[in-house]
Number of protein chains: 2
Amino acid sequence: MTDSTSPLDLDNQLCFALYRASHAVVRAYKSELDQLGLTYPQYLVMLALWQENQPQGVGQLGDVLGLDSGTLTPVLRRLEQRGLVVRCRDEHDERRRLIGLADAGRDLRALAEKVPEKIASRFPMQGKDYHLLMAQLGDIAQAFDNDR
Amino acid sequence: MTDSTSPLDLDNQLCFALYRASHAVVRAYKSELDQLGLTYPQYLVMLALWQENQPQGVGQLGDVLGLDSGTLTPVLRRLEQRGLVVRCRDEHDERRRLIGLADAGRDLRALAEKVPEKIASRFPMQGKDYHLLMAQLGDIAQAFDNDR
DNA sequence: CACATTTAGATTGTGCGCAATATAGTTGTG
DNA sequence: CACAACTATATTGCGCACAATCTAAATGTG
């Protein structure tokens, strides 16, 4: 028997429950995303671009996804190499790079449409509970991201 | 206005809410763990060892943490280099490595005891809601880890 | 206009995270 | 005991993830 009253017990730590669940779900996406030739972070970038429907700065994408430029730059470079996005300079501010959809990236959306439901159906909670959980997770991200 | 009815909308995806919340919380741990000289995955390994209180095989640790040997081997090597764990061969099965606590690793527990509460207090939900959320995340990890 | 400050992004270095593979040790079968 | 099948761990290669640092461009102040 492990001592479940210890503050260090893994099963008492919300951080670990989050960490483990997140990795497990990302792993599950892999087999779906392999068919699109995307990694999970690449898929998130494409979701952000499909959603906004107009070129975004690297920083704006980072804000949406909770990632910084050190992470996004190589991800965006690979997406450009695969012909899914274009990276051009902002004419009005030459420091900025505007990330937009290439034709192949726009086309990929139709295929990607089928991915979420395949995963969503595997969550042990559905409907109202599903959305309530999502809202709570959003609150957590916001609470912890506020200072930085 | 973004079209919030799209199945690809980021704000409708539990996977992204999990991903973002998990990273945000791990980032928050960093400032606490820097004082212990641990990264977050290293901290998780130490939690597992403190909890089990006896040497563990690499595979056992991986099962507890949801990580594989390709991830754990370099993490365990760094913990050994810092004198926190020892890695010795199992006498009865020379393929296995048993990961145990070194004296410095045992001593570190007292310092680590103070970390969880600092983080836990920042979660926007507490008490019953906190534990309910943790249980739901455990259900998700189990549901998605079942097939591999 | 000069020049300090700020801002956007890229670069570098370290450390995960995982699939695929390699290797060594163990077990089962005749 | 030989030897095929299996198992536990390590290794390799690729792609994040982030802190720290760098560069260049824009902005503010006199």
Side-chain angles (χ1 to χ4, degrees), chain A residues 16 19-31 33-34 37-46 55-63 65-82 87-99 141 144-145 148, chain B residues 16 19-31 33-34 37-46 55-63 65-82 87-99 141 144-145 148:
Chain A
F16 175 59
Y19 177 87
R20 193 159 164 43
S22 175
H23 283 298
V25 173
V26 169
R27 272 194 295 271
Y29 265 89
K30 192 178 184 311
S31 58
L33 294 180
D34 277 349
L38 293 176
T39 65
Y40 186 74
Q42 288 169 7
Y43 169 70
L44 289 183
V45 168
M46 295 307 291
Q56 301 284 301
V58 176
Q60 293 172 50
L61 283 176
D63 287 342
L65 300 177
L67 299 171
D68 70 7
S69 75
T71 299
L72 284 176
T73 294
V75 173
L76 294 171
R77 195 172 8 243
R78 287 180 200 106
L79 287 174
E80 187 183 41
Q81 283 167 1
R82 290 174 199 184
R87 302 193 304 157
C88 53
R89 293 283 172 195
D90 184 340
E91 290 182 359
H92 304 299
D93 186 341
E94 300 266 343
R95 293 169 307 179
R96 300 188 69 208
R97 255 187 198 278
L98 291 176
I99 312 300
F144 282 87
D145 263 347
R148 196 137 275 282
Chain B
F16 175 59
Y19 177 89
R20 193 157 165 43
S22 175
H23 283 298
V25 173
V26 169
R27 273 195 294 270
Y29 265 88
K30 191 176 186 310
S31 58
L33 294 181
D34 278 349
L38 293 175
T39 65
Y40 186 73
Q42 289 168 8
Y43 170 70
L44 289 183
V45 168
M46 296 307 293
Q56 302 284 303
V58 176
Q60 293 172 49
L61 282 175
D63 287 342
L65 300 178
L67 300 171
D68 71 5
S69 75
T71 298
L72 285 176
T73 295
V75 173
L76 294 171
R77 197 176 2 248
R78 288 179 199 108
L79 287 174
E80 186 183 42
Q81 282 167 1
R82 290 172 197 183
R87 302 193 301 157
C88 53
R89 293 280 173 197
D90 184 341
E91 290 182 359
H92 304 298
D93 185 342
E94 300 263 344
R95 292 169 305 178
R96 300 188 70 208
R97 257 186 196 281
L98 291 176
I99 312 300
F144 281 87
D145 262 346
R148 201 135 278 279

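All values below come from the heavy atoms of this structure, side chains included, with hydrogens, waters and symmetry mates left out.
Distance check: B:L38 CG to B:L79 CG gives 7.0 Å after rounding to the nearest 0.5 Å. Atoms CD1 and CG, from A:I99 and A:L76 in turn, are 4.5 Å apart once rounded to the nearest 0.5 Å.
Applying the salt bridge (charged side-chain N to carboxylate O under 4.0 Å, His left out) criterion to A:R96, with sequence neighbours excluded, gives A:D90. In this structure, the salt bridge (charged side-chain N to carboxylate O under 4.0 Å, His left out) partners of A:D93, at least two apart in sequence or on a different chain, are A:R95. Evaluation of the side-chain hydrogen bond (donor to acceptor under 3.5 Å, both in side chains) rule for B:R89 yields no partner, not counting sequence neighbours. Residues forming a side-chain contact (heavy atoms from CB on, under 4.5 Å) with A:E80 (at least two apart in sequence, or on another chain): A:V85, A:R87. Contacts of B:S69 classified as side-chain contact (heavy atoms from CB on, under 4.5 Å), with partners at least two apart in sequence or in another chain: B:V58, B:T73. Taking A:T39 as the reference, nothing meets the side-chain hydrogen bond (donor to acceptor under 3.5 Å, both in side chains) condition, with sequence neighbours excluded. Remark: B:R82 engages B:Q42 in a side-chain hydrogen bond (donor to acceptor under 3.5 Å, both in side chains) (not counting sequence neighbours). Annotation: side-chain hydrogen bond (donor to acceptor under 3.5 Å, both in side chains) contacts of B:Q56 (sequence neighbours excluded): none. Take B:Y29 and apply the ring pair (Phe, Tyr, Trp, His ring centres under 6.0 Å) test, not counting sequence neighbours, and it matches B:Y40, B:Y43.
Between chain B and DNA chain C, the heavy-atom contact criterion of under 4.0 Å yields a 5' to 3' nucleotide range of C:dG15 to C:dT26.
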> If the sugar-phosphate is the primed atoms plus P, OP1 and OP2 and the base is the rest, what is the B/S/- string for nucleotides 10-15 of chain D, using protein heavy atoms under 4.0 Å?
Replying inline: BB---S

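Comparing A:Y19 and A:L98 by the nucleotide of DNA chain C that holds the closest heavy atom to each, the one mapping nearer the 5' end is A:L98.
If you measure from atom CD of B:Q56 to atom C1' of D:dA8, you get 15 Å, rounded to the nearest angstrom. Going from atom OH of A:Y40 over to atom C1' of D:dC16 covers 13 Å, rounded to whole Å. Here the P atom of nucleotide D:dC16 and the CG atom of A:L65 are 12 Å apart, to the nearest Å.
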Listing time: all N or O pairs from protein to nucleotides 25-27 of chain D that are below 3.5 Å?
residue : atom : partner : partner atom : Å
D:dA26  : OP1  : A:E94   : N            : 3.1

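Neither OP1 nor OP2 of D:dA17 sits under 4.0 Å from any side-chain N or O of B:R27.
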